[in-house]
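Down below is the structure, laid out as structure tokens.
Numbered from 1 within each chain, the chains take letters A, B, ... in sequence-line order.
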Protein chains: 2
Amino acid sequence: MQVTIKQVAQRAGVSVATVSYVLNGTGTVTDETRQRVLDAVAELNYQPRYAARSMRGRSRTLGVTLSTLPGRLAEPALTEVLAGVADAAVLRGYFLLLATANADQDETELCLSLARTRRVDGLVLLDMLVDDPRAQALAGAGIPHVCAGPPPAGIDSPSVAIDMHTAAVDAVRHLLGLGHRRIGLIQLPSELAVSDLIVEGYRQALTEAGLPFDPTLVIESGRTEEDGYQAMTELLASPKPPTAVLAGSDELAFGAMHALNDACLIVGRDVSLVGFDDLPQAAHVNPPLTTMRQPRRVQGQQLTMLLDDVILKRNTSLRTVTLSARLIVRRSSGPAPVS
Amino acid sequence: MQVTIKQVAQRAGVSVATVSYVLNGTGTVTDETRQRVLDAVAELNYQPRYAARSMRGRSRTLGVTLSTLPGRLAEPALTEVLAGVADAAVLRGYFLLLATANADQDETELCLSLARTRRVDGLVLLDMLVDDPRAQALAGAGIPHVCAGPPPAGIDSPSVAIDMHTAAVDAVRHLLGLGHRRIGLIQLPSELAVSDLIVEGYRQALTEAGLPFDPTLVIESGRTEEDGYQAMTELLASPKPPTAVLAGSDELAFGAMHALNDACLIVGRDVSLVGFDDLPQAAHVNPPLTTMRQPRRVQGQQLTMLLDDVILKRNTSLRTVTLSARLIVRRSSGPAPVS
DNA sequence: ACACTTCGCTTAACCGTTTTACTACTTAAT
DNA sequence: ATTAAGTAGTAAAACGGTTAAGCGAAGTGT
């Protein structure tokens with residue numbers, strides 16, 4: 001059988017309340033009594049049951065939901081954020097509950113359900129969509145949550161976002177500076193909130209340079225390497241293929257790089273390639289990938305801390321954190337070839 | 001305020017017990033009463049509180065612990081297994097609790113604590129070590145758990161392991177078949193349970209071919225790409241560098257590949273390289289990596305199902321599942337250069 | 001010397017479910 | 001007609017903690 005607070009109390013010769021007070025540091029207890037209790041706790045190896053404890057008060061758990069898609073956890077960009085979330089969670093004394101949506105319950109319902117059953121104190125929303133239904137529902141129900149990316153228009157959910165617009169501008173400027181004039185864009189799925197921001201930045205940088213916006217150079221793709229491969233193949237098949245390509249993520253860029261290899265084009269000489277993320281692998285592919293480094297790990301940490309603030313209703317003036325991406329130049333981008 | 005079972009009972013004009021019976025399908029209830037209850041539940045949008053519910057019975061949560069090392073979640077090999085664990089967990093009706101060890105509590109204590117506080121019904125042990133202390137402690141305390149890899153000697157914890165010995169033999173045979181005679185090994189940290197198995201397989205395959213075991217060709221490394229880079233650099237610096245190298249993981253192989261690139265050696269021609277895992281990226285590096293595909297996702301799924309069986313004390317004759325790795329030949333391995 | 005606080009602890013209420021024990025009513029069998 | 005055996009429900013006791021309220025003993029100010 002499990003050891004309960006009652007047994008500890010009996011052994012220490014005090015009431016259960018006193019044990020609880022000692023363990024939580026709440027009541028007023030003599031040093032001598034405290035010691036007796038602590039001894040009893042140690043001898044019996046007592047640990048309070050979580051369910052009983054959280055019947056009153058918080059569950060000390062943060063929720064992270066995943067869509068039905070199997071294998072979401074295997075995506076590096078997502079796990080980088082998650083790693084940050086997890087690292088900060090332990091510092092703030094939270095556990096992390098990972099819940100996957102299924103056929104009977106979509107992700108929004110899952111979020112609501114986790115909160116309503118008090119399984120979690122708050123939720124971290126990864127992978128924000130345009131008009132994200134999760135954020136809308138949670139904001140509507142007054143459930144603590146934070147968004148990893150821009151919250152939907154009209155909803156003022158706390159968020160930690162990376163300024164993707166500026167990042168895209170910087171990336172394109174880099175390519176313009178290298179003399180490129182035909183610059184392609186392999187876009188993340190347009191339902192993602194970041195997708196539009198990147199396109200807008202791309203567009204702005206071109207306009208600044210007096211270049212027209214050519215829709216045939218922009219391809220909406222998926223999120224996997226495979227998707228990047230196909231998108232690049234498509235770009236190469238066009239009558240006037242680009243001399244440089246910006247990919248919406250490193251994963252897409254890796255796929256694109258593979259397609260360029262298969263087409264016997266040398267990346268960084270024949271075609272320049274810029275990614276988005278700076279995953280650990282980015283430095284180790286051949287050639288090493290020029291990319292906009294996103295501080296994903298930091299984003300995750302900040303998300304957790306912000307969520308903790310929201311849960312504890314701390315007066316946080318700063319409910320919208322914006323981080324910047326930074327251009328990391330490697331060998332996948334080089335001067336435009338002389339035509 | 002939260003809606004409770006009492007309010008539902010009141011609205012349906014029945015006792016709380018009846019509501020509970022309806023919701024759990026336990027007692028005997030008229031169809032008419034059942035409907036009244038279900039209506040009330042729907043109208044009030046009632047969801048039973050998790051803490052109260054799990055005071056009796058199980059917590060319907062599986063635990064996964066991570067070591068103190070920040071960013072463990074960003075390791076692709078680990079997240080592949082985790083993705084499998086998560087995918088199967090939702091099918092069996094479990095949530096996943098992700099807990100990180102910290103300064104006051106090492107991973108073993110964390111595991112024990114999660115079980116004793118009844119926060120989880122069972123634990124999945126990833127990243128098995130030689131004589132893994134977690135498995136020893138959990139087996140000793142009779143706590144349900146499963147090991148992703150071989151359990152420590154003398155402990156018969158249920159496990160889902162991949163036959164790394166045979167896999168290593170197959171990998172080396174592949175290289176031998178291509179004519180290689182000096183084959184290096186970049187080894188995972190020797191504290192990992194898989195590490196020894198790979199070395200043994202490597203050794204056996206060499207012996208079969210009548211080749212001597214040369215300790216200078218075996219380098220114990222870490223687990224990151226950076227570690228692989230350094231190990232490869234070290235191998236290249238030796239007086240007689242190998243013409244082929246087997247790496248203990250794809251990550252190590254990626255790092256090794258990078259080192260070979262930097263040394264202006266062409267992978268697959270000058271030096272052959274074989275990895276271990278077949279991560280999604282493996283097909284997309286340049287050149288694509290020959291590797292021993294490990295069914296990590298499946299391993300994760302089986303881990304969850306096996307753990308569920310253990311928790312429910314189902315009569316599982318099969319408490320030790322062994323999966324096989326499969327050689328995937330790509331372009332990073334080729335015929336030995338004529339010397 | 002008296003009322004008033006503070007200290008250190010206990011008793012008991014409470015949290016929201018599940019489950020046990022029991023009751024009133026029907027139906028079936030003797 | 002009487003008893004046995006379901007049926008459909010209720011009231012109350014767990015479950016294992018936290019916390020509010022209460023209560024003597026000791027200290028304090030007048």
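Taking only side-chain nitrogens and oxygens, B/Arg49 never comes nearer than 4.0 Å to OP1 or OP2 of C/dT17. One finds a side-chain N or O of B/Thr30 lying less than 4.0 angstrom from the OP1 or OP2 phosphate oxygen of D/dG9. Taking only side-chain nitrogens and oxygens, A/Arg53 comes nearer than 4.0 Å to OP1 or OP2 of D/dT18. At the phosphate of C/dT17, neither OP1 nor OP2 sits under 4.0 Å from any side-chain N or O atom of B/Arg56. At C/dG8, none of the side-chain N or O atoms of A/Thr18 fall inside 4.0 Å of OP1 or OP2 (strictly under the cut-off). Taking only side-chain nitrogens and oxygens, A/Ser54 never comes nearer than 4.0 Å to OP1 or OP2 of D/dG17.
Regarding A/Arg118, its CZ atom lies at a distance of 14 Å from the C1' atom of C/dT17, rounded to whole Å. At whole-Å resolution of the value, CG in A/Leu44 and C1' in D/dG16 are 15 Å apart. Note: CE (A/Met55) to C1' (D/dC15) measures 9 Å, nearest angstrom. Atom CD of A/Gln47 and atom C1' of D/dG16 are 15 Å apart (whole Å). Whole-Å rounding puts the B/Gln10 CD to D/dT10 P distance at 13 Å. If you take CZ of B/Arg36 and C1' of D/dT10, they are 14 Å apart, rounded to a whole angstrom. In this entry the distance linking CD of A/Gln2 with C1' of D/dG16 reads 10 Å, nearest Å. A straight line from NZ of B/Lys6 to P of D/dA12 spans 12 Å, rounded to a whole angstrom.
Considering only heavy atoms from C-beta on, A/Leu82 comes within 4.5 Å of A/Val64 through its side chain. Between A/Arg11 and A/Arg36 the shortest side-chain heavy-atom distance does not fall below 4.5 Å. Between A/Tyr50 and A/Met55 there is no side-chain heavy-atom pair separated by less than 4.5 Å.
One finds the CG atom of B/Leu303 at 8.5 Å from the OG atom of B/Ser159 (value rounded to the nearest 0.5 Å). Annotation: the span from B/His145 atom NE2 to B/Leu123 atom CG amounts to 8.5 Å, rounded to 0.5 Å.
With respect to the salt-bridge test (charged N to carboxylate O, under 4.0 angstrom), the residues A/Arg223 and A/Asp127 qualify.
Considering only side-chain atoms of A/Ile5, the nucleotide from D/dT18, D/dT10, C/dT11 that sits closest is D/dT18. Picking from D/dT18, D/dT10, C/dG16 the nucleotide with the shortest atom distance to the side chain of B/Ser15 gives D/dT10.
Under 3.5 Å, the side chain of B/Tyr21 and the base of C/dT20 form at least one donor-acceptor pair of N or O atoms.
Each of B/Val19 and A/Thr33 has a nearest nucleotide on DNA chain C; the 5'-most of these lies closest to A/Thr33.
Within the nucleic acid shown, A/Thr28 comes within 4.0 Å of at least one base atom, counting heavy atoms only. Across all strands, A/Ser20 comes closer than 4.0 Å to base atoms (heavy-atom distances). Contact annotation for B/Tyr46: backbone-only contact, meaning every heavy-atom pair under 4.0 Å involves sugar-phosphate atoms and none involves a base.
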